[in-house]
Amino acid sequence: MSRSEESPPLDFIRQIVAADLVSGKYGGRVVTRFPPEPNGFLHIGHAKSICLNFGVAAEHPGGRCNLRFDDTNPLKEEDLYLQSIRTDVRWLGFDWEERQFYASGYFERLYQLAERLIENGHAYVCSLSAEELRHSRGTLTQPGRESPYRTRSVAVSLDLFRRMRAGEFPDGTHILRARIDMASPNMNMRDPALYRILHANHHQTGDQWCLYPTYDYAHCLCDAMEGITHSLCTLEFEDHRPLYDWILDRLQAELTYRPQQIEFSRLTLEYTVVSKRKLNTLVKSGVVDGWDDPRMPTLSGLRRRGYTPAAIRDFCQRVGISKTPNNVELALLENCLREDLDKHAPRAMAVLDPLRVVITSVAADHVEALTAANHPQNAAMGSRTLFWTREIWIEREDFCENPPKQFKRLVPGGEVRLRHAYVVRCDAVIKDPASGAILELHCSHDPATLHANPVDRKVKGVIHWVSATRSCRAEVRHYETLFTTPNPDEAWQGDDFAALINPNSLQVLSNCHIEEGLRDAPPGSIFQFERLGYFCVDAGCAAGAERVFNRTVGLRDSWAKVQQGR
RNA sequence: UGGGCCGUCGCCAAGCGGUAAGGCCCCGGAUUUUGAUUCCGGCAUCCCCAGGUUCGAAUCCUGGCGGCCCAGCCA
């Protein structure tokens, strides 16, 4: 078997899963879960986790991946986010079938298990204020002090805990704490909070509870209750694993399954922030248009921009899974996108910065139907009709009066091929006498060059065009990265991010011309505008209204590189 | 300088004691009615550093250095 036919090497998590299957650790089961907190929209970093969790499950017969909303904090969560998460996971191409769960769905069981912990002396109700608690926790180098309530009797703690549930106490007056070790070098083991009082309405359970479990307490137990075998999470939870195991150890007798937590490094992407808090700040500040602004690294933003699920999945696969801190180049994501779009996006022509050209050799009322393939390599994608008329638009930058070396577009007296049409020669440049600005070009075409090259001379350049009379107007939104620095996460300290924002992240081109056939292109449809890039009809485009295109990504541009090198 | 984790090409990433996979980027060149695509070719004598073990080390040992995470009743 040649190298290219071999399956790619397994990442360390898949190696563990494979080894567990061999050893029979979980009786042949592979069960993972994707556990988002519904406090924001999913982003490209979540895509990595989704692809990993659903991917690992799908790779094994009988493997399953649950969607579990980690909804233990009603203060930060909203139903809006639940909806978007479901939409985005499905859009990415994954299916949790009937297995949609909520941490809140386990609240009663979780509560009962907490009573068990108290009864067995593993947890106690602590009545320190948040402030006092912070001071008694110690520091990274100094051990904490034991709470005076640590020695409360089981009976008292149990009674207090029940009254906490009953709503007898205001927020912040008591918490349930694990009794572990205030001197532990691992801060998470210094008697961490398990339950806090929150008189808040929960999006799923309403006002049924005023007592909510913390992540550390709920997550491991939810995993166990769902029979999760491999609980995959990001590196910052590494220090929580001893607590994860500690809780499961104490409650072993009550549980059927014993999951294991494995951590991998989260995705960091150049020029983007991947933190729900920061993304939320961007939305709230109005710097972007919402969670689905095409400049956002959210799945909804990427979707609106024109990214495809296949491209994102491919990206996640190529990025790999490891524990190494990383900062992935945007070029990789864009490569994945272009690869998918090149294969699937139908071609079309659009002129973004129009320059009028009069083809003097064509009659004023001449309309000639030309056929253009929708894809140069894939005839199955069919063809469309273009209209050859006396007046056309070309891209302003495709004409140059004093061309640099190697410029192979239109120049005075020179010839170029108009894509899918004729070779034309520039006979005259019409300027505004006052300003000297170029108003239009007068060209003549060679009728013998429709699907043939001239026999006596070579014409190197090919440029795109659109009929001036048989086309429609469109708006094109051109995007750049939202941040000017490749490491905005690092540079973003406190709330001062304004200086990091790229002032050119959005440029609106309102005088664009597109092929007539694109007039009713549906929102979400993606085209390659030849020689320019990939463009996606904006989701907000109403039927019948002028089309608005988001530039998804540009084509590779080796000419731009040549020019930069000058 | 408490604890946990990480350090292989510009960016990702294989490698698990037998003499550095792959992808992206980049650089050449071919084909091309997209300066696109495609296609060929190039791109780590070296694996954070220094010692050591070994016939043999990126892989083992020792000691350094550098980076990330943790002091929420957030996740």
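Within every chain, numbering begins at 1; the chains are lettered A, B, ... in the order of the sequence lines, protein sequences first and strands thereafter.
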Handout entry: B:G72 glycosidic torsion: syn (within 90° of 0) vs anti
Key = syn
Handout entry: Check: B:G10 base within 3.5 Å donor-acceptor of A:Glu329 side chain
Key = yes
Problem - Side-chain N or O of A:Thr324 closer than 4.0 Å to phosphate OP1/OP2 of B:C6 - result: no
Exercise for the section: Identify whether any heavy atom of A:Ala372 sits under 4.0 Å from a base atom; if not, whether one sits that close to sugar-phosphate; answer base, sugar-phosphate or nothing. Expected result: nothing
Completion exercise
Sorted by number, residues from residues 335-348 of chain A placing a heavy atom under 4.0 Å from RNA chain B are A:Asn335, A:Asp342, A:Arg347
Exercise for the section: Would you check if A:Arg318 and A:Asn335 make a side-chain contact, meaning some heavy-atom pair closer than 4.5 Å? Expected result: yes
Problem - SB check A:Arg457 A:Glu415 (cutoff 4.0 Å) - result: yes
Exercise for the section: State whether the distance check finds a donor on one side and an acceptor on the other, under 3.5 Å, for side chain A:His135 versus base B:A71. Expected result: no
Problem - Side chain A:Gln15 and base B:C16 donor-acceptor under 3.5 Å - result: yes
Exercise for the section: Please determine if a side-chain N or O atom of A:Arg196 lies less than 4.0 Å away from the OP1 or OP2 oxygen of B:A75. Expected result: yes
Practice task
May I ask you to say what A:Phe237 touches in the nucleic acid, namely base, sugar-phosphate or nothing, with a heavy-atom cut-off under 4.0 Å?
Solution key: base
Problem - A:Glu238 side-chain proximity, nearest of B:G2, B:G4, B:A75 - result: B:G4
Handout entry: Under 3.5 Å donor-acceptor pair, A:Gln377 side-chain atoms to B:U38 base atoms
Key = no
Completion exercise
Against the side chain of A:Pro325, the closest entry in B:A13, B:C6, B:G2 is B:C6
Problem - Short side-chain N/O contact from A:Thr214 to OP1 or OP2 of B:G72, under 4.0 Å - result: no
Handout entry: Side chain A:Asp239 and base B:G3 donor-acceptor under 3.5 Å
Key = yes
Problem - Side-chain N,O (A:Arg277) to OP1/OP2 (B:C74) below 4.0 Å - result: no
Practice task
Report yes if a donor N or O on one partner sits less than 3.5 Å from an acceptor N or O on the other, where the partners are the side chain of A:Arg318 and the base of B:G22; otherwise report no.
Solution key: no
Problem - A:Arg68 with A:Glu226: basic N within carboxylate O range, under 4.0 Å - result: yes
Exercise for the section: Compare all side-chain heavy atoms of A:His478 with those of A:Phe549 and state whether any distance is below 4.5 angstrom. Expected result: no
Handout entry: N or O in side chain of A:Arg137 less than 4.0 angstrom from B:C73 OP1/OP2
Key = yes
Exercise for the section: Quick one: label A:Ser129 by what it contacts on the DNA or RNA (base, sugar-phosphate, nothing), any heavy atom closer than 4.0 Å. Expected result: base
Practice task
Assign A:Pro143 to base, sugar-phosphate, or nothing according to its heavy-atom contacts below 4.0 angstrom with the strands shown.
Solution key: nothing
Completion exercise
ring-ring contact (aromatic ring centres under 6.0 Å, His included) test vs A:Phe69 passes for just one of A:Tyr102, A:Phe101, A:Phe34, A:Tyr106, namely A:Tyr102
Practice task
Considering just the side-chain nitrogens and oxygens of A:Thr72, establish if one lies under 4.0 Å of OP1 or OP2 belonging to B:A75.
Solution key: yes
Exercise for the section: Ignoring hydrogens and angles, tell me if any N or O in the side chain of A:Thr298 forms a donor-acceptor pair with the backbone of A:Trp291 under 3.5 Å. Expected result: yes
Handout entry: Pairing of A:Asp353 and A:Arg396 as salt bridge, 4.0 angstrom limit
Key = no
Practice task
Mind checking A:Lys323 for me? I need base, sugar-phosphate or nothing, with any heavy atom below 4.0 Å counting as a touch.
Solution key: sugar-phosphate
Exercise for the section: Report yes or no: do A:Gln261 and A:Asp223 form a side-chain donor-acceptor pair below 3.5 Å? Expected result: no
